[in-house]
Amino acid sequence: MAKAATKSAKKPAAKVAPKAAVKAAAKSGAKASAKATAKAAATSKVAKPAKKPGIKLSMLRPSVNNMTVRVFARAAGLDPAETDAWGLTRSPEFLARNPAHLTPMIEDKGLPRGVLWESCAIMQYLANKHGLDKFYPKAPAKRAMIDSAMFYLVGTLYPYVARATYPALGFPQYAGEVGHSDVHPDKKSEAQKAAMAAIAEPLEVFHSFFRNGKPFIGGNNPSIADIRLAATLEFLAVIDYALPSWAKEYMAAMEKKLGKAYAEPAGDVRGYIAHVKSQARA
C-alpha cells in the first residue's frame, strides 16, 4: 500500500511538472518581453538628436568683429566654447598659433593650420562645413550677393566706421592713419568727422541695393552678411551717430529674429560703449 501510494503520487507529479515549467517559462518570457518593449519605448522617447560639435572660439567681448562670430555661432546652434583673449593675443602661445594676433579665432582640427581668423571667413567656413544654407545659400547667384555685401562692408564701410569710432572707443588706430599720428588734435578731429560723413553713402547702398525692399540682405531670414552689418552698426552708438530710420528698424528686426543669439553678444558691446561714454562724461 505504501509502495502503491508512493508510485501514484509520483506519477501525476511527473506529468504535471513539464506543463507547469512551460507555463512558468512562457509567463517569465512574456514579462521579460514586456519589460524590453517598455524599455525600448522609454529609450525612444528620451532619445535626442545628435548635437552639432562645439567650436573653440577666442574672442574679445567689446569688439563688433568678434560679436559677429559670437552671434552667428549661437544662431546656428554650434554651441561655442568661448575664451576671452583680452590681453593674451601677443602672448607666445597665441602667436605660435596665430601670427596675425587677431580675433575672433576658431580652432578646428579640420583646418590645414588648425586655426582660422577673420569674421567673414569663419562664418563662411562654418556655414559650408555644417550645411547652413539658411545663413549662406549654396545657389551661386544668391551666394555672390552675400559675398559682395560682406566684402563691400569690410573694404568700404568698416574702415569709415573704424576711423569714426576707434578714437572714442579708445581702440588703437591703424598705422598711417591721421588718428595714429602726432598731428594737431584739430587734424585728428577733422579726419574723424570726414569719416563720419562718409558713412552715409555705403549705408544707403546696403539699404537700396543689397536689401532692395527685403527685410534682410538674405531675404526673409538674416544671412551671414546681415549679421556682419548689424554688428558693425552697433559701434556707431559711441559717437551718437544719427542712423537713418530704416537702419534702426533693421537692427531691431535682426535682434527680434535671432533673439538671445544676438542680444547676449550685443549686450557686451553695448555695455562697453556705455562704460566708455560714462568715462568721457566724468
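- The distance from atom CD1 of Ile199 to atom CE of Met196, rounded to the nearest 0.5 Å, is 7.0 Å.
- Between the Ser91 side chain and the Leu88 main chain, a donor and an acceptor come within less than 3.5 Å of each other.
- In this structure, Lys188 contributes its side chain and Ser181 its backbone to a donor-acceptor pair below 3.5 Å.
- With respect to Arg74 and Glu82, a salt bridge is recorded, a charged nitrogen being found less than 4.0 Å from a carboxylate O.
- Contact check on Asp226 versus Arg211 returns no salt bridge, with no Lys/Arg side-chain nitrogen under 4.0 Å from an Asp/Glu carboxylate oxygen.
- The shortest side-chain heavy-atom distance between Leu111 and Asp108 falls under the 4.5 Å cut-off.
- For the residue pair Met67 and Pro265, the shortest heavy atom distance occurs at CG-CB, 3.9 Å.
- Here CG of Asn65 is found 8.5 Å from SG of Cys120. Values are rounded to the nearest 0.5 Å.
- Residue Leu157 holds its CG atom at 14.0 Å from CE of Met150, rounded to the nearest 0.5 Å.
- Under the 4.5 Å side-chain heavy-atom criterion for ILVMFWY residues, no single connected hydrophobic cluster contains both Leu102 and Leu153.
- Between the CD1 atom of Ile227 and the CZ atom of Arg70 there is a distance of 13.5 Å, given to the nearest 0.5 Å.
- With hydrogens and angles ignored, the 3.5 Å screen pairs a side-chain donor or acceptor of Asn66 with a backbone N or O of Leu60.
- When atom types are taken as modelled, the side chain of Thr83 and the backbone of Ala85 share no donor-acceptor pair closer than 3.5 angstrom.
- The backbone N or O of Asp186 lies less than 3.5 Å from a partner atom in the side chain of His184, making a donor-acceptor pair.
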message: Test side-chain contact (heavy atoms from CB on, under 4.5 Å) on Met145 and Ile217; report intermediate values, then the result.
response: CA-CA 8 Å; Met145 292 300 284; Ile217 297 167; 5.8 Å; no
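- For the pair Thr68 (side chain) and Val64 (backbone), a donor-acceptor distance under 3.5 Å is present.
- Listed by first then second residue, pairs satisfying ring pair (Phe, Tyr, Trp, His ring centres under 6.0 Å) with a partner in residues 202-233 read Tyr152-Phe206, Phe206-Phe210, His207-Trp246, not counting sequence neighbours.
- Pairing each heavy atom of Ala198 with each of Pro202, the nearest pair is O-CD, 3.0 Å.
- Counting heavy atoms of neighbouring residues, nucleotides and ligands inside a 6.0 Å radius, atom NZ of Lys214 exceeds 12 of them.
- Among all heavy-atom pairs drawn from Ala164 and Gln192, the shortest one is O-NE2, 2.7 Å.
- For residues 261-282, every residue pair satisfying the ring pair (Phe, Tyr, Trp, His ring centres under 6.0 Å) rule, not counting sequence neighbours, is listed here: Phe171-Tyr272.
- Counting only heavy atoms from C-beta outward, the side chains of Leu233 and Tyr241 never approach each other to under 4.5 Å.
- In this structure, the side chain of Thr232 engages the main chain of Arg228 through a donor-acceptor pair within 3.5 Å.
- Nearest approach of Asn221 to Lys257, heavy atoms of both residues: OD1-CE, 3.2 Å.
- Using a 4.0 Å cut-off between charged nitrogen and carboxylate oxygen, Lys248 and Glu234 do not count as a salt-bridge pair.
- Looking at Arg143, its side chain does come within 3.5 Å of a backbone N or O of Tyr136 through a donor-acceptor pair.
- Taking CE of Met105 as the start and NZ of Lys56 as the end, the distance is 10.0 Å to the nearest 0.5 Å.
- Leu95 and Leu57 are members of different hydrophobic clusters when ILVMFWY side chains are connected at heavy-atom separations under 4.5 Å.
- Residue Gln124 is tested with Ile146, Asp147, Leu116 for a side chain to side chain contact (heavy atoms under 4.5 Å, CB included); the sole match is Asp147.
- Under a hydrophobic clustering in which Ile, Leu, Val, Met, Phe, Trp and Tyr are joined whenever their side-chain heavy atoms come within less than 4.5 Å, directly or via other members, Val269 and Leu169 fall into the same cluster.
- Pairs of residues two or more places apart, or lying in two chains, that qualify as ring pair (Phe, Tyr, Trp, His ring centres under 6.0 Å) and include a residue from residues 62-109 are Phe72-Phe135.
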- request: Could you walk me through whether Trp117 and Ile106 pass the side-chain contact (heavy atoms from CB on, under 4.5 Å) test, one step at a time?
  value: CA-CA 7 Å; Trp117 60 87; Ile106 63 165; over 6 Å; no
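- No continuous path of ILVMFWY side-chain contacts below 4.5 Å connects Val178 to Tyr158, so the two sit in separate hydrophobic clusters.
- Atom CD of Glu201 sits in a sparse spot, with 12 or fewer heavy atoms from other residues, nucleotides or ligands closer than 6.0 Å.
- Under the 3.5 Å distance criterion, the side-chain polar atoms of Ser208 are matched with a main-chain donor or acceptor of Glu204.
- Shown here for Ala195 and Tyr160, the closest heavy-atom pair between the two residues is CB-O, 3.6 Å.
- When all heavy atoms are compared, the tightest approach of Thr165 to Val161 is OG1-O, 2.7 Å.
- Both Val154 and Val69 are assigned to one and the same hydrophobic cluster, defined by single-linkage of ILVMFWY side chains at heavy-atom distances under 4.5 Å.
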Phe235/Tyr166 under side-chain contact (heavy atoms from CB on, under 4.5 Å): CA gap, chis, key distance, verdict: CA-CA 9 Å; Phe235 261 174; Tyr166 279 20; 4.0 Å; yes
- request: Test side-chain contact (heavy atoms from CB on, under 4.5 Å) on Met59 and Ser63 and set out the steps.
  value: CA-CA 8 Å; Met59 54 82 200; Ser63 162; over 6 Å; no
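- Atom CZ of Arg61 and atom CD of Glu264 lie 10.5 Å apart (nearest 0.5 Å).
- In this structure, Lys142 places its NZ atom where only 12 or fewer heavy-atom neighbours from other residues, nucleotides or ligands lie under 6.0 Å away.
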